[in-house]
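Computed from heavy atoms alone, side chains included, the values below leave out hydrogens, waters and symmetry copies. So that the names make sense, note that chain A is the first sequence line, chain B the second, and so on, each numbered from 1.
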2 protein chains.
Amino acid sequence: MRIGELAQVSGTTTKTLRFYEEAGLLPAPERTAGGYRDYAPEALARLDFIRRSRTAGLTLAQIREVLDIRDAGVAPCQHVQDLLETRLGDLDRQIADLQALRHTVARLRDDAATVDPANCDATTVCRYL
Amino acid sequence: MRIGELAQVSGTTTKTLRFYEEAGLLPAPERTAGGYRDYAPEALARLDFIRRSRTAGLTLAQIREVLDIRDAGVAPCQHVQDLLETRLGDLDRQIADLQALRHTVARLRDDAATVDPANCDATTVCRYL
DNA sequence: ATGGACCTTCCAGTACAGGGGAAGGTCAAG
DNA sequence: CTTGACCTTCCCCTGTACTGGAAGGTCCAT
(Lines give C-alpha, C1' and ligand atoms only; values in the text may rest on other atoms or scores of the structure.)
Protein backbone atom coordinates (compact mmCIF):
# COMPACT_ATOMS: atom_id res chain seq x y z
CA MET A 1 0.00 0.00 0.00
CA ARG A 2 1.43 3.35 -0.99
CA ILE A 3 1.43 6.35 1.28
CA GLY A 4 -1.39 8.17 -0.49
CA GLU A 5 -3.68 5.19 -0.25
CA LEU A 6 -2.90 4.63 3.43
CA ALA A 7 -3.49 8.29 4.11
CA GLN A 8 -6.87 8.07 2.47
CA VAL A 9 -8.10 4.89 4.16
CA SER A 10 -6.81 6.04 7.54
CA GLY A 11 -8.33 9.47 7.15
CA THR A 12 -5.11 11.42 7.47
CA THR A 13 -2.52 12.95 5.16
CA THR A 14 0.75 11.81 3.64
CA LYS A 15 2.45 14.61 5.53
CA THR A 16 1.17 13.26 8.81
CA LEU A 17 2.23 9.70 7.98
CA ARG A 18 5.80 10.80 7.29
CA PHE A 19 5.70 12.89 10.42
CA TYR A 20 4.55 9.90 12.49
CA GLU A 21 7.34 7.81 11.05
CA GLU A 22 9.84 10.52 11.89
CA ALA A 23 8.34 10.77 15.39
CA GLY A 24 8.72 7.03 16.01
CA LEU A 25 5.01 6.21 16.00
CA LEU A 26 5.08 4.29 12.75
CA PRO A 27 7.88 1.88 11.88
CA ALA A 28 9.71 2.68 8.65
CA PRO A 29 7.93 0.64 5.99
CA GLU A 30 9.45 -1.38 3.17
CA ARG A 31 10.35 0.49 0.03
CA THR A 32 9.51 -0.37 -3.54
CA ALA A 33 12.23 -0.58 -6.20
CA GLY A 34 11.51 3.05 -7.00
CA GLY A 35 11.93 4.19 -3.41
CA TYR A 36 8.25 4.54 -2.56
CA ARG A 37 7.05 3.61 0.92
CA ASP A 38 5.16 0.31 0.78
CA TYR A 39 3.00 -0.19 3.86
CA ALA A 40 1.85 -3.54 5.18
CA PRO A 41 -1.88 -3.76 5.99
CA GLU A 42 -1.09 -3.78 9.74
CA ALA A 43 -0.17 -0.12 9.48
CA LEU A 44 -3.87 0.72 9.26
CA ALA A 45 -4.67 -0.89 12.63
CA ARG A 46 -1.79 1.01 14.16
CA LEU A 47 -3.07 4.26 12.73
CA ASP A 48 -6.54 3.50 14.04
CA PHE A 49 -5.06 2.99 17.46
CA ILE A 50 -3.23 6.29 17.20
CA ARG A 51 -6.41 8.03 16.11
CA ARG A 52 -8.43 6.57 18.97
CA SER A 53 -5.73 7.49 21.44
CA ARG A 54 -5.62 11.04 20.11
CA THR A 55 -9.40 11.18 20.47
CA ALA A 56 -8.95 10.18 24.10
CA GLY A 57 -6.66 13.16 24.47
CA LEU A 58 -3.36 11.33 24.72
CA THR A 59 -0.32 13.13 23.39
CA LEU A 60 1.85 11.59 20.70
CA ALA A 61 4.55 11.05 23.33
CA GLN A 62 2.15 9.02 25.46
CA ILE A 63 0.97 7.01 22.48
CA ARG A 64 4.55 6.33 21.52
CA GLU A 65 5.18 4.97 25.02
CA VAL A 66 2.34 2.49 24.65
CA LEU A 67 3.45 1.47 21.19
CA ASP A 68 7.04 1.03 22.33
CA ILE A 69 5.90 -1.30 25.09
CA ARG A 70 3.84 -3.28 22.64
CA ASP A 71 6.67 -3.36 20.13
CA ALA A 72 8.90 -4.80 22.83
CA GLY A 73 6.51 -7.76 22.92
CA VAL A 74 4.77 -6.93 26.18
CA ALA A 75 1.04 -6.35 26.48
CA PRO A 76 0.76 -2.66 27.38
CA CYS A 77 -2.58 -3.12 29.20
CA GLN A 78 -1.45 -2.02 32.63
CA HIS A 79 0.35 0.93 31.17
CA VAL A 80 -2.73 1.93 29.23
CA GLN A 81 -4.85 1.67 32.37
CA ASP A 82 -2.40 3.89 34.22
CA LEU A 83 -2.34 6.33 31.37
CA LEU A 84 -6.11 6.54 31.24
CA GLU A 85 -6.26 7.02 35.00
CA THR A 86 -3.73 9.83 34.80
CA ARG A 87 -5.54 11.35 31.88
CA LEU A 88 -8.78 11.29 33.85
CA GLY A 89 -7.13 13.14 36.71
CA ASP A 90 -5.75 15.71 34.27
CA LEU A 91 -9.17 16.19 32.75
CA ASP A 92 -10.81 16.67 36.15
CA ARG A 93 -8.24 19.27 37.07
CA GLN A 94 -8.56 21.01 33.73
CA ILE A 95 -12.35 21.09 33.97
CA ALA A 96 -12.24 22.44 37.51
CA ASP A 97 -9.80 25.17 36.46
CA LEU A 98 -11.97 26.18 33.54
CA GLN A 99 -15.08 26.26 35.69
CA ALA A 100 -13.36 28.52 38.20
CA LEU A 101 -12.26 30.74 35.33
CA ARG A 102 -15.80 30.72 33.97
CA HIS A 103 -17.09 32.03 37.28
CA THR A 104 -14.51 34.80 37.27
CA VAL A 105 -15.27 35.82 33.72
CA ALA A 106 -19.04 35.65 34.26
CA ARG A 107 -18.62 37.90 37.26
CA LEU A 108 -16.58 40.39 35.27
CA ARG A 109 -19.12 40.38 32.48
CA ASP A 110 -22.01 40.93 34.90
CA ASP A 111 -20.20 43.85 36.46
CA ALA A 112 -19.46 45.29 33.06
CA ALA A 113 -23.07 44.91 31.93
CA THR A 114 -24.56 46.93 34.81
CA VAL A 115 -22.57 50.07 34.13
CA ASP A 116 -23.40 52.91 31.79
CA PRO A 117 -20.56 53.03 29.24
CA ALA A 118 -20.91 56.81 29.24
CA ASN A 119 -19.32 56.77 32.68
CA CYS A 120 -16.17 55.21 31.35
CA ASP A 121 -13.23 57.40 30.62
CA ALA A 122 -10.20 56.50 28.62
CA THR A 123 -7.55 57.61 31.08
CA THR A 124 -7.74 54.42 33.11
CA VAL A 125 -7.38 51.24 31.20
CA CYS A 126 -10.64 49.63 32.10
CA ARG A 127 -11.88 48.98 35.56
CA TYR A 128 -13.60 45.74 34.63
CA LEU A 129 -10.42 43.88 34.21
CA MET B 1 12.03 52.90 37.18
CA ARG B 2 14.40 50.47 35.54
CA ILE B 3 13.31 47.25 33.92
CA GLY B 4 14.49 44.95 36.70
CA GLU B 5 12.58 46.89 39.32
CA LEU B 6 9.41 46.99 37.23
CA ALA B 7 9.73 43.27 36.60
CA GLN B 8 9.96 42.67 40.31
CA VAL B 9 7.06 44.86 41.41
CA SER B 10 4.84 43.59 38.60
CA GLY B 11 5.73 39.99 39.31
CA THR B 12 7.14 39.22 35.89
CA THR B 13 10.55 39.10 34.24
CA THR B 14 12.66 41.52 32.24
CA LYS B 15 12.39 39.14 29.31
CA THR B 16 8.63 39.37 29.40
CA LEU B 17 8.67 43.16 29.62
CA ARG B 18 10.85 43.46 26.52
CA PHE B 19 8.65 40.89 24.81
CA TYR B 20 5.51 42.88 25.65
CA GLU B 21 7.11 46.00 24.28
CA GLU B 22 8.03 44.17 21.11
CA ALA B 23 4.49 42.78 20.91
CA GLY B 24 2.96 46.24 21.19
CA LEU B 25 1.44 45.76 24.63
CA LEU B 26 3.75 48.18 26.38
CA PRO B 27 4.76 51.52 24.85
CA ALA B 28 8.49 52.02 24.41
CA PRO B 29 9.61 53.82 27.56
CA GLU B 30 12.01 56.74 27.87
CA ARG B 31 15.69 55.91 27.95
CA THR B 32 18.30 57.11 30.39
CA ALA B 33 21.51 58.72 29.15
CA GLY B 34 23.10 55.29 29.29
CA GLY B 35 20.41 53.71 27.14
CA TYR B 36 18.51 51.98 29.94
CA ARG B 37 14.73 51.76 29.77
CA ASP B 38 13.18 54.18 32.24
CA TYR B 39 9.57 53.34 32.98
CA ALA B 40 6.97 55.79 34.23
CA PRO B 41 4.91 54.58 37.22
CA GLU B 42 1.85 54.16 34.95
CA ALA B 43 3.51 51.13 33.40
CA LEU B 44 2.70 49.17 36.53
CA ALA B 45 -1.06 49.76 36.21
CA ARG B 46 -0.85 48.67 32.60
CA LEU B 47 0.98 45.51 33.56
CA ASP B 48 -1.60 44.80 36.24
CA PHE B 49 -4.29 45.13 33.61
CA ILE B 50 -2.42 42.72 31.37
CA ARG B 51 -2.00 40.28 34.22
CA ARG B 52 -5.69 40.42 35.13
CA SER B 53 -6.65 39.98 31.51
CA ARG B 54 -4.36 36.97 31.16
CA THR B 55 -5.94 35.54 34.30
CA ALA B 56 -9.33 35.95 32.60
CA GLY B 57 -7.95 33.86 29.77
CA LEU B 58 -7.59 36.59 27.16
CA THR B 59 -4.80 36.18 24.65
CA LEU B 60 -2.14 38.83 24.22
CA ALA B 61 -3.73 39.73 20.88
CA GLN B 62 -7.06 40.40 22.55
CA ILE B 63 -5.43 42.44 25.29
CA ARG B 64 -3.57 44.45 22.70
CA GLU B 65 -6.88 45.23 20.99
CA VAL B 66 -8.29 46.65 24.21
CA LEU B 67 -5.16 48.65 24.91
CA ASP B 68 -5.06 50.00 21.38
CA ILE B 69 -8.61 51.26 21.72
CA ARG B 70 -7.77 52.89 25.00
CA ASP B 71 -4.57 54.35 23.60
CA ALA B 72 -6.62 55.90 20.82
CA GLY B 73 -8.44 57.85 23.54
CA VAL B 74 -11.67 55.88 23.49
CA ALA B 75 -13.06 54.06 26.50
CA PRO B 76 -12.86 50.38 25.55
CA CYS B 77 -15.74 49.37 27.84
CA GLN B 78 -18.06 48.04 25.17
CA HIS B 79 -15.22 46.19 23.53
CA VAL B 80 -14.27 44.64 26.83
CA GLN B 81 -17.85 43.57 27.43
CA ASP B 82 -17.94 41.94 24.00
CA LEU B 83 -14.65 40.22 24.62
CA LEU B 84 -15.79 38.87 27.96
CA GLU B 85 -19.02 37.64 26.40
CA THR B 86 -17.11 35.88 23.63
CA ARG B 87 -14.68 34.45 26.14
CA LEU B 88 -17.57 33.09 28.20
CA GLY B 89 -18.97 31.33 25.15
CA ASP B 90 -15.54 29.87 24.41
CA LEU B 91 -15.23 28.66 27.97
CA ASP B 92 -18.64 27.01 27.92
CA ARG B 93 -17.78 25.21 24.72
CA GLN B 94 -14.38 24.17 26.02
CA ILE B 95 -15.86 22.86 29.27
CA ALA B 96 -18.56 20.91 27.42
CA ASP B 97 -15.93 19.36 25.13
CA LEU B 98 -13.77 18.35 28.06
CA GLN B 99 -16.71 16.85 29.90
CA ALA B 100 -17.63 14.77 26.88
CA LEU B 101 -14.02 13.64 26.65
CA ARG B 102 -14.03 12.85 30.34
CA HIS B 103 -17.00 10.52 29.86
CA THR B 104 -15.23 8.76 27.02
CA VAL B 105 -12.02 8.33 28.96
CA ALA B 106 -13.84 7.22 32.12
CA ARG B 107 -15.63 4.60 30.05
CA LEU B 108 -12.36 3.37 28.59
CA ARG B 109 -10.80 3.18 31.99
CA ASP B 110 -13.75 1.28 33.47
CA ASP B 111 -13.58 -1.22 30.62
CA ALA B 112 -9.86 -1.61 31.13
CA ALA B 113 -10.23 -2.11 34.89
CA THR B 114 -12.65 -5.04 34.61
CA VAL B 115 -10.36 -7.19 32.51
CA ASP B 116 -7.65 -9.56 33.66
CA PRO B 117 -4.37 -8.29 32.22
CA ALA B 118 -3.28 -11.89 31.81
CA ASN B 119 -5.76 -12.14 28.97
CA CYS B 120 -3.99 -9.44 27.02
CA ASP B 121 -1.60 -10.44 24.33
CA ALA B 122 0.92 -8.24 22.67
CA THR B 123 0.02 -9.01 19.08
CA THR B 124 -2.83 -6.54 18.99
CA VAL B 125 -2.04 -3.04 20.07
CA CYS B 126 -4.52 -2.72 22.87
CA ARG B 127 -8.20 -3.26 22.68
CA TYR B 128 -9.04 -0.59 25.20
CA LEU B 129 -8.17 2.19 22.86
C1' DA C 1 8.19 10.62 -25.29
C1' DT C 2 5.40 13.28 -22.66
C1' DG C 3 1.93 14.64 -19.44
C1' DG C 4 0.15 14.27 -15.03
C1' DA C 5 -0.44 12.01 -10.76
C1' DC C 6 2.10 10.39 -7.35
C1' DC C 7 6.18 9.98 -4.72
C1' DT C 8 10.93 11.44 -2.49
C1' DT C 9 13.83 14.54 0.74
C1' DC C 10 14.70 18.74 2.97
C1' DC C 11 13.89 23.25 4.82
C1' DA C 12 10.92 26.34 6.93
C1' DG C 13 6.84 28.01 9.14
C1' DT C 14 2.37 27.93 11.91
C1' DA C 15 0.36 29.56 16.91
C1' DC C 16 1.35 30.80 21.79
C1' DA C 17 4.01 33.20 25.28
C1' DG C 18 7.88 33.74 26.37
C1' DG C 19 13.06 31.63 27.89
C1' DG C 20 18.31 30.96 27.21
C1' DG C 21 22.40 32.70 26.52
C1' DA C 22 26.18 35.37 24.09
C1' DA C 23 28.67 39.66 23.49
C1' DG C 24 29.05 43.83 25.07
C1' DG C 25 27.75 48.59 27.56
C1' DT C 26 26.67 51.27 32.19
C1' DC C 27 26.87 52.47 36.83
C1' DA C 28 27.79 52.62 41.77
C1' DA C 29 30.74 50.93 45.43
C1' DG C 30 35.11 49.67 47.25
C1' DC D 1 40.71 51.00 38.75
C1' DT D 2 38.26 47.14 39.01
C1' DT D 3 34.51 44.28 40.39
C1' DG D 4 29.85 42.98 40.14
C1' DA D 5 25.14 43.90 39.35
C1' DC D 6 22.46 45.48 36.06
C1' DC D 7 21.40 46.70 31.48
C1' DT D 8 21.51 46.51 26.01
C1' DT D 9 20.61 44.00 21.42
C1' DC D 10 20.69 39.81 18.92
C1' DC D 11 19.36 35.38 17.59
C1' DC D 12 17.88 30.94 18.52
C1' DC D 13 15.13 27.52 21.41
C1' DT D 14 11.09 25.56 23.98
C1' DG D 15 6.67 22.23 23.14
C1' DT D 16 2.68 20.40 20.23
C1' DA D 17 1.25 18.43 16.02
C1' DC D 18 1.52 19.09 12.17
C1' DT D 19 1.46 22.02 7.29
C1' DG D 20 3.51 24.30 3.05
C1' DG D 21 6.42 24.43 -0.54
C1' DA D 22 10.56 23.68 -3.50
C1' DA D 23 13.29 20.64 -6.34
C1' DG D 24 13.44 16.53 -8.19
C1' DG D 25 12.37 11.21 -9.05
C1' DT D 26 8.81 7.34 -10.54
C1' DC D 27 5.14 5.28 -12.84
C1' DC D 28 1.41 4.64 -15.99
C1' DA D 29 -1.37 5.89 -19.84
C1' DT D 30 -1.58 8.17 -24.10
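Within residues 4-11 of chain A, no residue places a heavy atom under 4.0 Å from DNA chain D. Of the residues in residues 29-40 of chain B, those placing a heavy atom less than 4.0 Å from an atom of DNA chain D are B:Arg31, B:Gly35, B:Tyr36, B:Arg37, in numerical order. Of the residues in residues 18-25 of chain B, those with a non-hydrogen atom less than 4.0 angstrom from any atom of DNA chain C are B:Phe19, B:Tyr20. Of the residues in residues 86-100 of chain A, not one places a heavy atom less than 4.0 Å from an atom of DNA chain C.
Taking B:Arg51 as the reference, B:Asp48 meet the salt bridge (Lys or Arg N to Asp or Glu O under 4.0 Å) condition, with sequence neighbours excluded. Here A:Thr13 pairs with A:Thr16 under the side-chain hydrogen bond (donor to acceptor under 3.5 Å, both in side chains) rule; sequence neighbours left out. Residues that satisfy the side-chain hydrogen bond (donor to acceptor under 3.5 Å, both in side chains) test with A:Asp97, not counting sequence neighbours, are absent from this structure. Residues satisfying the side-chain hydrogen bond (donor to acceptor under 3.5 Å, both in side chains) test with B:Glu5, not counting sequence neighbours, are none.
Summarising the geometry, atom CZ belonging to A:Arg46 is positioned 10.5 Å from atom CD belonging to A:Glu42; distances are rounded to the nearest 0.5 Å. Rounding to the nearest 0.5 Å gives a distance of 7.5 Å between CG of B:Leu58 and CZ of B:Phe49.
Heavy atoms only, all atoms of each residue included: B:Asp68 and B:Gly24 are closest at OD1-O, 4.5 Å. Of all the heavy atoms in B:Tyr39 and B:Arg2, the pair that sits closest is CD1-C, 4.3 Å.
A nucleotide of DNA chain C counts as in contact with chain A when one of its atoms lies under 4.0 Å from a heavy atom; the first and last such, 5' to 3', are C:dC6 to C:dC10.
At least one side-chain heavy atom of B:Tyr20 sits less than 4.5 Å from a side-chain heavy atom of B:Ile50. Contact annotation: the side chain of B:Pro29 never approaches that of B:Met1 to less than 4.5 Å [non-hydrogen atoms, C-beta and beyond].
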Between protein and nucleotides 12-14 of chain D, what N or O pairs are separated by less than 3.5 Å?
none

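A donor-acceptor pair is defined here as one N or O able to donate and one able to accept, closer than 3.5 Å; such a pair exists between the side chain of B:Thr104 and the backbone of B:Ala100.
One interatomic measurement links the two molecules: CZ of B:Arg2 to P of D:dA5, which rounds to 13 Å at whole-angstrom precision.
Within 6.0 Å of atom CD in A:Gln99, more than 12 heavy atoms from other residues, nucleotides or ligands are found, so the atom counts as buried in its surroundings.
With A:Leu6 as the fixed residue, the side chain to side chain contact (heavy atoms under 4.5 Å, CB included) test singles out one of A:Thr14, A:Leu17, A:Asp38: A:Leu17.
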Contacts under 3.5 angstrom, residues 59-67 of chain A side chains, donor-acceptor by atom type, not counting sequence neighbours:
from    : atom 1 : to      : atom 2 : distance (Å)
A:Thr59 : OG1    : A:Ala61 : N      : 3.4
A:Thr59 : OG1    : A:Gln62 : N      : 3.1
A:Gln62 : OE1    : A:Thr59 : N      : 2.9
A:Arg64 : NH1    : A:Ala23 : O      : 2.6
A:Glu65 : OE1    : A:His79 : NE2    : 2.8

Identify each donor-acceptor pair in which a side-chain atom of residues 84-92 of chain B lies under 3.5 Å from a protein atom, sequence neighbours left out, and give them as a table.
from    : atom 1 : to       : atom 2 : distance (Å)
B:Glu85 : OE2    : A:Arg109 : NH1    : 3.2
B:Thr86 : OG1    : B:Asp82  : O      : 3.0
B:Arg87 : NE     : B:Ala56  : O      : 3.3
B:Arg87 : NE     : B:Gly57  : O      : 3.1
B:Asp90 : OD1    : B:Arg93  : NH1    : 3.4
B:Asp92 : OD1    : A:Arg102 : NH1    : 2.4
B:Asp92 : OD2    : A:Arg102 : NH1    : 2.7

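Each of A:Ile3 and B:Arg54 has a nearest nucleotide on DNA chain C; the 5'-most of these lies closest to A:Ile3.
The pair A:Arg37-A:Glu30 fails the salt-bridge criterion, with no side-chain N (NZ, NE, NH1 or NH2) lying under 4.0 Å from an Asp/Glu carboxylate O.
In the hydrophobic cluster analysis, where Ile, Leu, Val, Met, Phe, Trp and Tyr join through side-chain heavy atoms closer than 4.5 angstrom, A:Phe19 is grouped together with A:Leu25.
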